Amino acid sequence: MKLGDFTVQVINDCYIGLDGGAMFGVVPRTLWERKIRPNGKNRIRLATNCLYLDTGEKKVLVNTGVGEKVDAEFKEQYTVERGKGLVGELARQGVEPEEIDLVINTHLHFDHCGGNTCFDQQGNIRSTFPRARYLVQREEYEGALPDTARNRASYFPADFQPLIESGQLELLDGNTEILPGISVEVVPGHTRGLQCVKITSQGQTLYHPSDLIPTSHHVRFAWVMAYDLFPMETLENKKKVVAQAAAEHWLMLFEHDPDVPLAYIKMKDDRPLVKKLGGTL
């Protein structure tokens with residue numbers, strides 16, 4: 001689709017299954033399962049929606065999904081359903097990895113940056129996008145390094161450490177304009193260094209909240225993931241983002257929503273509601 005002078009496309013790297021209770025935190029299952037049904041193991045099917053953006057001068061990715069390095073045990077644990085994947089879908093659009101100029105990682109959890117790197121023909125890990133600059137918040141990178149019990153399950157050094165060695169990973173310190181019309185802002189809650197991406201052209205805005213609002217169901221203020229390290233900060237920052245998105249008519253990208261990747265938010269009686277593209281409230 002067109003966003004002002006930019007061309008944007010949502011590309012799902014793969015589907016994964018995560019625990020429904022963890023995805024919805026303190027929300028009772030009797031409520032959230034009306035929105036998204038779990039399987040027999042209480043897992044819900046989620047997308048890993050990446051954003052491809054062509055400004056006319058630069059080709060940009062926001063997040064890279066799970067990627068292709070995962071083994072059979074991982075695929076079984078997370079019920080991975082993979083088609084062509086991010087790289088394959090880009091190729092189908094005529095875009096090769098060497099053409100990507102910039103990769104913005106909202107944070108460094110494996111389901112958002114696993115496609116940063118891949119195996120070469122010799123089995124060594126290398127950058128998937130060899131010409132690209134990769135951007136992440138310094139606080140996020142430093143938070144990904146300690147070998148804590150909680151971090152170990154979410155951060156895989158192979159997804160980002162090779163980019164330090166290749167000189168491609170650039171660490172940001174706070175809110176930054178990346179390119180004209182593309183900026184990032186630090187919105188802590190899910191992690192301390194989570195950055196959201198705002199894209200504006202010709203008066204139109206697309207906002208990528210990442211795991212601040214992972215699915216369209218999470219626009220509800222109290223629907224906060226158990227995965228969030230700082231849930232009260234998630235709640236407060238979500239209120240601010242949702243209010244501004246509704247007031248300024250931002251198009252929102254929901255990275256983990258398998259059914260509603262893009263939508264607008266409307267407020268009704270101080271409650272946020274999702275308006276699908278081409279749909280009604």
Side-chain angles (χ1 to χ4, degrees), residues 15-49 63 65-66 77-80 105-114 137 139-140 143-144 146 148-156 185-196 207-246 252-261 263 265-274:
Y15 294 100
I16 59 174
L18 295 181
D19 184 83
M23 283 297 298
F24 292 100
V26 299
V27 180
R29 174 171 171 164
T30 53
L31 294 180
W32 61 255
E33 72 176 355
R34 298 175 190 172
K35 306 297 182 181
I36 184 166
R37 296 289 298 180
N39 64 15
K41 295 183 177 180
N42 206 45
R43 295 173 181 158
I44 58 175
R45 187 173 185 255
L46 300 170
T48 55
N49 293 319
N63 289 340
V66 171
Q77 179 181 355
Y78 290 100
T79 57
V80 175
N105 287 140
T106 59
H107 59 303
L108 294 176
H109 285 170
F110 68 82
D111 52 329
H112 299 263
C113 72
Q137 289 292 321
E139 193 165 20
E140 176 66 17
T148 65
R150 190 155 193 179
N151 282 345
R152 193 161 47 237
S154 299
Y155 292 116
F156 299 167
E185 57 184 11
V186 181
V187 186
H190 183 60
T191 67
R192 182 63 71 196
L194 179 79
Q195 60 183 5
C196 299
Y207 195 82
H208 190 318
S210 187
D211 276 351
L212 176 71
I213 312 175
T215 76
S216 60
H217 310 301
H218 288 85
V219 299
R220 297 164 177 82
F221 295 138
W223 290 40
V224 174
M225 294 188 290
Y227 293 119
D228 289 3
L229 298 179
F230 309 97
M232 294 308 296
E233 291 186 49
T234 293
L235 176 60
E236 292 306 312
N237 284 321
K238 186 196 297 189
K239 288 180 178 179
K240 295 175 185 176
V241 168
V242 165
Q244 190 171 2
M252 303 291 285
L253 189 152
F254 302 114
E255 188 159 0
H256 285 309
D257 201 311
D259 302 311
V260 185
I265 297 175
K266 299 287 186 181
M267 299 299 294
K268 184 176 182 180
D269 300 326
D270 295 324
R271 294 186 299 113
L273 301 174
V274 171

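Everything quoted here is computed from the prediction, not taken from an experiment.
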Report task. Determine the minimum heavy-atom distance between Asn63 and Ser210, stating which atoms define it. Result ->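 So the minimum-distance heavy-atom pair works out to ND2-OG, 4.3 Å.
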Query raised in the report: At their closest point, which heavy atom of Pro209 faces which heavy atom of Tyr207, and how far apart are they?
Result: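 Heavy-atom minimum between the residues: CD-O, 3.3 Å.
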Min side-chain heavy-atom separation [X]-[Y] under 4.5 Å:
X      : Y      : value
Arg192 : Glu233 : yes
Val66  : Tyr78  : no
Thr215 : Trp223 : no
Leu46  : Ile36  : yes
Asp211 : His112 : yes
Ile265 : Leu273 : no
Tyr155 : Thr191 : yes

Query - Test side-chain contact (heavy atoms from CB on, under 4.5 Å) applied to Phe221 - qualifying residues, sequence neighbours left out - result: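 By the side-chain contact (heavy atoms from CB on, under 4.5 Å) rule, Phe221 matches Leu235, Lys238, Lys239, Val242, Met267, Pro272.
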Requested in this report: Taking Asn49 for its side chain and Asp257 for its backbone only, find out whether a donor-acceptor pair lies under 3.5 Å.
Outcome: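 Yes; at least one donor-acceptor contact below 3.5 Å.
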Query - Expected output: side-chain Glu140 to main-chain Leu108 donor-acceptor under 3.5 Å - result: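 Such a contact is found between Glu140 side chain and Leu108 backbone.
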Report task. Go through the structure and list residues passing side chain to side chain donor-acceptor pair (under 3.5 Å) with Arg45, not counting sequence neighbours. Result ->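 Arg45 satisfies side chain to side chain donor-acceptor pair (under 3.5 Å) with Glu81 once adjacent residues are dropped.
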Query raised in the report: Can you find a side-chain donor-acceptor pair between Asp111 and Thr48 that sits under 3.5 Å?
Result: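 No pair is found: no donor N or O on one side chain lies under 3.5 Å from an acceptor on the other.
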Report task. Check whether the side chains of His217 and His256 place a donor and an acceptor atom closer than 3.5 Å, and report yes or no. Result ->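 Their side chains do not contain a donor-acceptor pair, so the 3.5 Å distance test is not met.
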Report task. Name all residues meeting the ring-ring contact (aromatic ring centres under 6.0 Å, His included) criterion together with His190; count only those two or more places apart in sequence or in a different chain, and write none if there are none. Result ->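 With sequence neighbours excluded, His190 shows a ring-ring contact (aromatic ring centres under 6.0 Å, His included) to His107, His109, given in chain and number order.
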Requested in this report: For Arg220, check salt bridge (Lys or Arg N to Asp or Glu O under 4.0 Å) against everything at least two apart and list the hits.
Outcome: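 Counting only residues at least two positions away or on another chain, Arg220 forms no salt bridge (Lys or Arg N to Asp or Glu O under 4.0 Å).
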Query raised in the report: Got a sec, which residues hit salt bridge (Lys or Arg N to Asp or Glu O under 4.0 Å) with Glu139, two or more places apart in sequence or on another chain?
Result: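 Glu139 satisfies salt bridge (Lys or Arg N to Asp or Glu O under 4.0 Å) with no residue once adjacent residues are dropped.
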Got a list of side-chain donor-acceptor pairs under 3.5 Å for residues 20-32, not counting sequence neighbours?
| residue | atom | partner | partner atom | Å |
| --- | --- | --- | --- | --- |
| Arg29 | NE | Glu33 | OE1 | 3.0 |
| Arg29 | NH1 | Asn42 | OD1 | 2.8 |

